[in-house]
Amino acid sequence: VQLQASGGGLVQTGGSLKLSCKVSGPDFDTYALGWFRRVPGKRREGVLCIGRGEKPITSVTDVAKGRFTISRDKAEKTVSLQLNSLNAFDTAMYYCAADRGVSITPRGGCREEWWAYWGQGTLVTVSS
């Protein structure tokens with residue numbers, strides 16, 4: 001599977017952005033999908049992850065709570081991340097990821113080390 005992230009850019013504090021990740025390859029439904037981010041000098045951290053199936057579970061991290069949402073589109077084979085109420089601390093490179101084996105629960109599964117496939121990243125810069 002290959003992943004291609006897009007949608008990053010420069011936005012003012014309080015603004016919104018929608019990131020999208022195109023997932024190429026067969027068996028889209030068998031992958032859990034996620035968004036992560038990395039600030040220079042820090043480890044990559046989970047933002048939001050979404051499981052498989054008709055009613056997939058979303059794993060919510062403290063980073064995203066109340067501001068960001070994740071969705072997946074079977075027909076388009078994409079996973080999207082809606083970013084709202086952005087602030088300077090959200091400035092980071094955002095990555096999408098996929099994995100077949102990870103288990104997604106409401107508060108678990110969104111850890112970098114459990115994911116096998118990664119996109120190249122898209123940069124989000126929030127200005128004050």
Side-chain angles (χ1 to χ4, degrees):
V1 64
Q2 293 184 322
L3 301 101
Q4 180 75 36
S6 62
L10 177 64
V11 62
Q12 290 186 330
T13 297
S16 299
L17 274 178
K18 186 172 183 178
L19 308 183
S20 183
C21 178
K22 180 70 176 177
V23 183
S24 300
D27 304 324
F28 174 80
D29 290 346
T30 66
Y31 290 91
L33 301 169
W35 284 95
F36 298 75
R37 70 185 189 184
R38 178 154 55 199
V39 175
K42 293 190 176 182
R43 287 192 62 178
R44 193 155 44 187
E45 63 178 347
V47 177
L48 282 168
C49 297
I50 187 167
R52 310 159 192 85
E54 292 299 317
K55 295 183 179 181
I57 294 171
T58 296
S59 178
V60 182
T61 69
D62 290 337
V63 166
K65 195 180 298 184
R67 298 190 299 138
F68 303 163
T69 56
I70 189 172
S71 59
R72 61 187 294 163
D73 187 317
K74 178 179 180 177
E76 296 294 324
K77 296 178 71 174
T78 58
V79 56
S80 298
L81 181 67
Q82 179 67 46
L83 305 170
N84 298 323
S85 301
L86 288 163
N87 59 60
F89 295 103
D90 298 314
T91 294
M93 187 70 78
Y94 285 73
Y95 299 87
C96 54
D99 195 89
R100 275 180 165 157
V102 68
S103 179
I104 302 298
T105 64
R107 292 291 290 175
C110 212
R111 290 175 62 94
E112 172 192 22
E113 58 265 36
W114 297 341
W115 294 72
Y117 304 101
W118 294 87
Q120 86 290 0
T122 186
L123 180 63
V124 173
T125 304
V126 184
S127 65
S128 57

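We count residues from 1, following the sequence as given.
Nearest heavy-atom pair across Leu3 and Gln120 is O-OE1, 3.8 Å. What you find for Gly108 and Ser59 is that their closest heavy atoms are O-OG, 3.0 Å. Across Ser80 and Ser20, no two heavy atoms sit closer than the pair OG-OG, 4.1 Å. Here the closest heavy-atom approach between residue Arg107 and residue Asp62 is recorded as NH2-OD1, 3.3 Å.
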For this session: Please lay out, stage by stage, how Val124 and Thr91 fare under the test side chain to side chain contact (heavy atoms under 4.5 Å, CB included).
Result: CA-CA 5 Å; Val124 173; Thr91 294; 5.9 Å; no
For this session: Begin with the C-alpha distance, continue with both residues' side-chain angles, and end with the deciding distance and a verdict on side chain to side chain contact (heavy atoms under 4.5 Å, CB included) for Asp99 and Trp114.
Result: CA-CA 8 Å; Asp99 195 89; Trp114 297 341; over 6 Å; no
Exercise. Are Leu19 and Leu83 close enough, and set up right, to give a side chain to side chain contact (heavy atoms under 4.5 Å, CB included), and what steps lead you there?
Worked result: CA-CA 8 Å; Leu19 308 183; Leu83 305 170; 4.0 Å; yes
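Side-chain contact between Val23 and Val1 is present, with heavy atoms from C-beta onward closer than 4.5 Å. For the pair Asp90 and Phe68, the minimum side-chain heavy-atom distance is below 4.5 Å. Put simply, the side chain of Val60 reaches to within 4.5 Å of the side chain of Leu48, judged on heavy atoms. Under the 4.5 Å side-chain criterion, counting only non-hydrogen atoms from C-beta, Arg111 is not in contact with Val102. The closest side-chain heavy-atom distance from Pro56 to Arg72 is below 4.5 Å. Residues Tyr95 and Arg44 form a side-chain contact, since some pair of their non-hydrogen atoms from C-beta on lies under 4.5 Å apart. In this structure the side chain of Val79 reaches within 4.5 angstrom of the side chain of Ile70, judged on heavy atoms. Using a 4.5 Å heavy-atom threshold, the side chains of Trp115 and Cys49 count as touching.
Residues Arg52 and Asp29 are not paired through a salt bridge, judged by the lack of any N-O separation under 4.0 Å between the basic side chain and the carboxylate. At a threshold of 4.0 Å, the pair Glu45-Arg38 does not count as salt-bridged, since none of the basic side-chain nitrogens sits closer than that to a carboxylate oxygen.
Distance check: Leu123 CG to Arg37 CZ gives 12.5 Å after rounding to the nearest 0.5 Å. Taking CG of Asn87 as the start and OG of Ser127 as the end, the distance is 11.5 Å to the nearest 0.5 Å. Remark: Arg100 CZ to Tyr31 OH distance equals 3.5 Å, nearest 0.5 Å. In this structure, the separation between CG on Asp73 and SG on Cys21 is 12.5 Å, given to the nearest 0.5 Å. Between the NZ atom of Lys22 and the SG atom of Cys96 there is a distance of 12.0 Å, given to the nearest 0.5 Å. In this structure, the separation between CG on Leu33 and NZ on Lys77 is 11.0 Å, given to the nearest 0.5 Å.
Counted within 6.0 Å of CZ on Arg43, heavy atoms from surrounding residues, nucleotides or ligands total 12 or fewer; the atom is thus considered open. The environment of Glu113 atom CD is dense: over 12 non-hydrogen atoms of other residues, nucleotides or ligands sit within 6.0 angstrom. Atom CD of Gln2 is surrounded by 12 or fewer heavy atoms from other residues, nucleotides or ligands within 6.0 Å.
The hydrophobic clustering, which links ILVMFWY residues whose side-chain heavy atoms are closer than 4.5 Å, places Met93 and Trp35 apart. Note on Ile104: it clusters hydrophobically with Trp118, by side-chain heavy-atom contacts below 4.5 Å among ILVMFWY residues. Following chains of ILVMFWY side-chain contacts shorter than 4.5 Å, one cannot reach Tyr117 starting from Phe36, and the two form parts of different hydrophobic clusters.
A donor-acceptor contact closer than 3.5 angstrom links the side chains of Asn84 and Ser16.
The backbone N or O of Gly14 sits nowhere less than 3.5 Å from a side-chain atom of Ser85 that would complete a donor-acceptor pair.
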